[in-house]
Amino acid sequence: MNDQIIGWSRDQMAERAAQDIPDGAYVNLGIGIPEKVVRYVPAGREVIYHTENGLLGMGDTPEAGQEDPELINAGKRLVTAIPGAAYFHHADSFAMIRGQHIDICVLGAMQVSQNGDLANWSTGDPDAIPAVGGAMDLVAGVKTIYVITQHCTRSGDAKLVANCSFPLTGQAVVSRIYTDLGVIDVTDDGFKLVELAPGVDFDYIQARTGCPLLAA
Amino acid sequence: MNDQIIGWSRDQMAERAAQDIPDGAYVNLGIGIPEKVVRYVPAGREVIYHTENGLLGMGDTPEAGQEDPELINAGKRLVTAIPGAAYFHHADSFAMIRGQHIDICVLGAMQVSQNGDLANWSTGDPDAIPAVGGAMDLVAGVKTIYVITQHCTRSGDAKLVANCSFPLTGQAVVSRIYTDLGVIDVTDDGFKLVELAPGVDFDYIQARTGCPLLAA
Amino acid sequence: MINKQISSIHEAVADIHDGATVMIGGFGEAGSPIELIHALIDQGAKNLTVINNNTGSGHVGLAALIENKRVAKMICSFPRTANSTVFPELYKSGNIELELVPQGTLAERIRAGGAGIPAFYTATSVGTPLCEGKEIRAINGRDYVLEYGLKADFSLIKCLKADRYGNLIYNKTARNFAPIMAMAATTAIVQTKEFVEIGDLDPEIIVTPGIFVDRVVIVANPLLESDLVKAERSYP
Amino acid sequence: MINKQISSIHEAVADIHDGATVMIGGFGEAGSPIELIHALIDQGAKNLTVINNNTGSGHVGLAALIENKRVAKMICSFPRTANSTVFPELYKSGNIELELVPQGTLAERIRAGGAGIPAFYTATSVGTPLCEGKEIRAINGRDYVLEYGLKADFSLIKCLKADRYGNLIYNKTARNFAPIMAMAATTAIVQTKEFVEIGDLDPEIIVTPGIFVDRVVIVANPLLESDLVKAERSYP
């Protein structure tokens, strides 16, 4: 098997995650692959995207000539506002997050542990500049946390692990993980496979997971 | 001397207090005589009145035909909004108060003690319905608290006293008191006369004050 | 598709259960959702805890809800006003509970409830009977009292315009408690004078973003509490 | 008469003293008051504590203020972004202090500072290294960390329109931290694209009421940080 051709692409991971977002949900998208989810709302559904820098009703990238440098998302990328959108300040925006008004947040990850701990802000390297952004607020406040991430690091280390070795963003917060290899739920019994990406079998994904994976 | 004809009327007390409000001040007016202060801004000054139910830039009573039952002050009286006014919700309104953004608040009083304690919400009567409104927030948050009150109760008891017998609204909060008989400051040494109302002399006002009054 | 519009006020309040905590917007009659309150009286839920700045006037709206013995407890800052006789009588006879909260503390507790802040410190009420039994802490040399966030099962509020996402704008000082009560309730129920198309409300001027709103019902010509009180009406 | 307009950006920032705490609005370049920051560089105040979500980009604006060694300490949530090299280098060499605060906690601490709330509890950061050494309290069965309000001597913010009372409205997501920073600073200094007559701003749509604003200066055609970074400009 060749890692380059099996499994889901970054866009396919985002598209797969989008299938699990119900009609009418309020959703916050983290920086990186999660930003792509905005493009893949299934037909017939209406989903309202929140960006913590002060916009509810975030749309996709603007067309050429329609950009406003003062209309950006949390990743500081140019975006649009849909009809029915609303702007507000940062404290009101995080009131939506902390007050459990956002239904789903889709985040990237460095590591996820089998009990749902998330590490996505620091490797703990004392020489690195620590930077946390809104990740800790999101995992503490949003009702359901999804993660989209490559199944392994570039050097091949597992990101789904028994216990996170990196500093945590939040404890027992992740519900479901979308990787290039499949969809995995965090259950009371640990990681449980939900779905395999094309060309991936159970042994393949288990071999790349840092702890036991329950079969679907 | 006749109590009916000496001293200031309710409107004159309000007018006298208005003289001490500087140009550009942000001012909250309590219910009762303080509400009248809005009419007496001295010529050449611009004062912005705040009402805690969500309006900065409160004007006087509307002319006939201009009333809006949804444009009222904290005393639930119909008011107007001046050009340059702004509406906001109750939490934002009390952020202005609690955050010490209001310069002056003018309140009524049941009792003021010589160290500036204010009692203006309850007689402590166990049969009465307690009601506090925004008074405790105002005295805790506004930089300068003025009181406008009749010097004595209807039954002739002193309202300026050594120690309040009624439950407090706030401790050591009052700076200056405008009564029908004069203007009195709260100083480190107790009550100090600032000015006498027409027809009032020191002995007259001292006799109606529940503790020593320092001469002007 | 998202459409929070409900066709009738009765349907809008149908699931308010006995014992529910209900925040009701309005300061005096400004912003009082009188039709929703009357629908709640019709609906019959009882043993309610109601959060409002006051206790209503005359024998309509909130005062009627209280008079009809639906309210076990009021949380408010000012339970007596002109024309309020209903609450005082029940209170004096021991038939309704009162939690008296300073108005700014009440507003901040509601905002905290909506913003996911379980507790905060404030200087309001320090040194007064209203801080008795509460935790006092000195911070930077000043004493503050610990107050807890307030949440509700339902909120009933009134606005000027709404769209199908639940975005709201208000009229003048009728805004008062509505935006924070929408935030603090599990289910926020709104009566609006006007229902507008998505996109009609400028995103820069929306006061309550739709995320805080669950149900919107049109009441194009709401009654005025003061008119009803003057006419000595009572409800039902 | 109230007139908060100041004729020049240099006059607007003239009294910012060495050692001052300065909140600077903006999230990335959206809302960044770049002209006020450059005027502050010209003015020379040093040993500043600066509160902003980030640490600037390239060698202009906030990054230039840092590069010119005026900042002793940054309080922010995300000190590294694309094109930010200035802060990381100073930080690694031990020449600037960092207080890292989660973004929502940062926003709420600023709002609390402006609203007279000295401290509050939040679930954010519980169980992570960022709550180490802080008070943890269980409320209704969940752990929360105690966080303190943040105030500043000055805030520098940018808006779309202002009037002589200091009433402000903003453009889109450039609003971000500006309204709460205006509240939390002793002296709030604003650069506006447009200066309008009193009464031109509808009282229903004003985002920052003038009570929070001290000085307004017109910068009709503000520079864009991204343009300056692209052109490899540095300041001064």
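Order of the sequence lines fixes the chain letters, A, B, ..., with proteins taken first and strands second; residue numbering starts at 1 for each chain.
The nearest pair of heavy atoms linking A:Y26 to C:Y165 is OH-O, 3.8 Å.
Your options are A:G24, A:A140, A:A95, and the one with the most heavy-atom pairs under 4.5 Å with chain C is A:A95.
By a heavy-atom distance cut of under 4.5 Å, A:I82, A:P83, A:G84, A:A85, A:A86, A:Y87, A:F88, A:A91 are the residues of residues 80-94 of chain A near chain C, going up by number. Near-neighbour residues of residues 101-132 of chain A relative to chain C, defined by a heavy atom under 4.5 Å from a heavy atom of that chain, comprise A:H101, A:I102. For residues 186-196 of chain A, heavy-atom neighbours of chain C at less than 4.5 Å comprise no residues at all. By a heavy-atom distance cut of under 4.5 Å, A:G44, A:E46, A:I48, A:L56 are the residues of residues 30-66 of chain A near chain C, going up by number.
Counting non-hydrogen atoms of other residues, nucleotides and ligands closer than 6.0 Å to NZ of C:K151 gives a total of 12 or fewer.
Counting only distance, with no hydrogens or angles, the side chain of A:R98 and the backbone of C:G116 share no donor-acceptor pair below 3.5 Å.
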